[in-house]
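Working notes, structure below.
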Amino acid sequence: MDESWKLLQKKVFQGEICPSEILGAGLRVAKSCRGLPLVIVLTAGIIVKQILSFLWLDIAKDLSSHVLEEQSTKIIESSYNFLEHHLKSCLLYIGLFRENYKFPVFNLLKLWIAEDFVYGIMGLENMDMEEASKTFLNDLINRSLVIVSNRREDNGEIIYCTVHDVVCEFFLRKLPK
């Protein structure tokens, strides 16, 4: 459980200390992940922006029921459900690519813009659409739903991304709907 808590803290607080008012809830979330690193990382993506203890406890309760059955795919479902609407569209669009495909980020961002996933999102009015689409991609990466597979050496810019096999399985279930 110590390793689970350390990984969860690292992903959620990125080097900062967990606030004392959510420590108990955080420990319950870590315990609910049952030591499964993928589950911990995906869960961190759900709670990274949540600062209220009761929300963490709701997630821990939800995890307890999911980890026992179809562990990772249920966590992906929870991750998806907690996404903002525009991020859901962007993530599902990635599901159109074949499994194990390393998609070029430049092309993906242009496709999101062409599909109008980026236009008119509140809070991003001062950004151009390319910057907004990069923000969306970084949100999905920070939630561990998208994996960076290649960066430019000179400036660290993301060139290619991919998704975990479990995320691909989620796409297969979700996209036909």
Check residues 7-21 and write down every donor-acceptor pair under 3.5 Å in which the side-chain atom is one partner and the other belongs to a residue at least two apart or another chain.
none

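- Summarising the geometry, atom SG belonging to Cys168 is positioned 6.5 Å from atom CG belonging to Asn100; distances are rounded to the nearest 0.5 Å.
- In this structure, the separation between CD on Glu77 and CG on Leu42 is 12.5 Å, given to the nearest 0.5 Å.
- A distance below 6.0 Å separates the ring centres of Tyr93 and Phe117.
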* To do: Check step by step if side chain to side chain contact (heavy atoms under 4.5 Å, CB included) holds for Trp5 and Val29.
  => CA-CA 8 Å; Trp5 176 236; Val29 169; over 6 Å; no
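- Among all heavy-atom pairs drawn from Val118 and Ala132, the shortest one is CG1-CB, 3.4 Å.
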* To do: May I have the step-by-step check of side chain to side chain contact (heavy atoms under 4.5 Å, CB included) for Leu91 and Phe171, ending in yes or no?
  => CA-CA 9 Å; Leu91 181 64; Phe171 291 149; 3.8 Å; yes
* Step-by-step side chain to side chain contact (heavy atoms under 4.5 Å, CB included) determination, Leu87 to Leu145 -> CA-CA 11 Å; Leu87 291 178; Leu145 293 167; over 6 Å; no
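- Across all their heavy atoms, Ser4 and Ala30 have their closest contact at CB-O, 3.8 Å.
- Ser144 and Val41 make their closest contact through OG-CG1, 2.5 Å (heavy atoms, listed as atom of the first residue, atom of the second, distance).
- Partners of Tyr80 according to the ring-ring contact (aromatic ring centres under 6.0 Å, His included) rule, which considers only residues two or more places apart in sequence or in another chain, are Phe170.
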* To do: I would like to know whether Ser78 and Ile46 meet side chain to side chain contact (heavy atoms under 4.5 Å, CB included); could you show each step before the answer?
  => CA-CA 8 Å; Ser78 291; Ile46 297 172; 3.8 Å; yes
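- Scanning for salt bridge (Lys or Arg N to Asp or Glu O under 4.0 Å) contacts around Lys110 gives Glu130, with sequence neighbours left out.
- Going from atom CG of Asn150 over to atom OG1 of Thr162 covers 12.0 Å, rounded to the nearest 0.5 Å.
- If you take CZ on Arg151 and CD1 on Ile158, they are separated by 4.5 Å, rounding to the nearest 0.5 Å.
- In this view, Glu99 satisfies the salt bridge (Lys or Arg N to Asp or Glu O under 4.0 Å) rule with no residue, not counting sequence neighbours.
- In this structure, the separation between CG on Asn107 and OH on Tyr160 is 8.5 Å, given to the nearest 0.5 Å.
- At a threshold of 4.5 Å between non-hydrogen side-chain atoms, the residues Trp112 and Ile94 count as touching.
- Pairs engaging residues 84-98 under the salt bridge (charged side-chain N to carboxylate O under 4.0 Å, His left out) rule: Glu84-Arg143 [sequence neighbours left out].
- When the ring-ring contact (aromatic ring centres under 6.0 Å, His included) test is applied to Phe97, the partners found at least two apart in sequence or on another chain are Tyr101, Phe103.
- Two residues are said to be in side-chain contact when any heavy atoms from C-beta on lie closer than 4.5 Å; Ile141 and Cys161 meet this criterion.
- The minimum heavy-atom distance linking His164 with Ile147 is given by the pair N-CD1, 3.7 Å.
- The structure places CG of Leu96 at 9.5 Å from CG of Leu111, a figure rounded to the nearest 0.5 Å.
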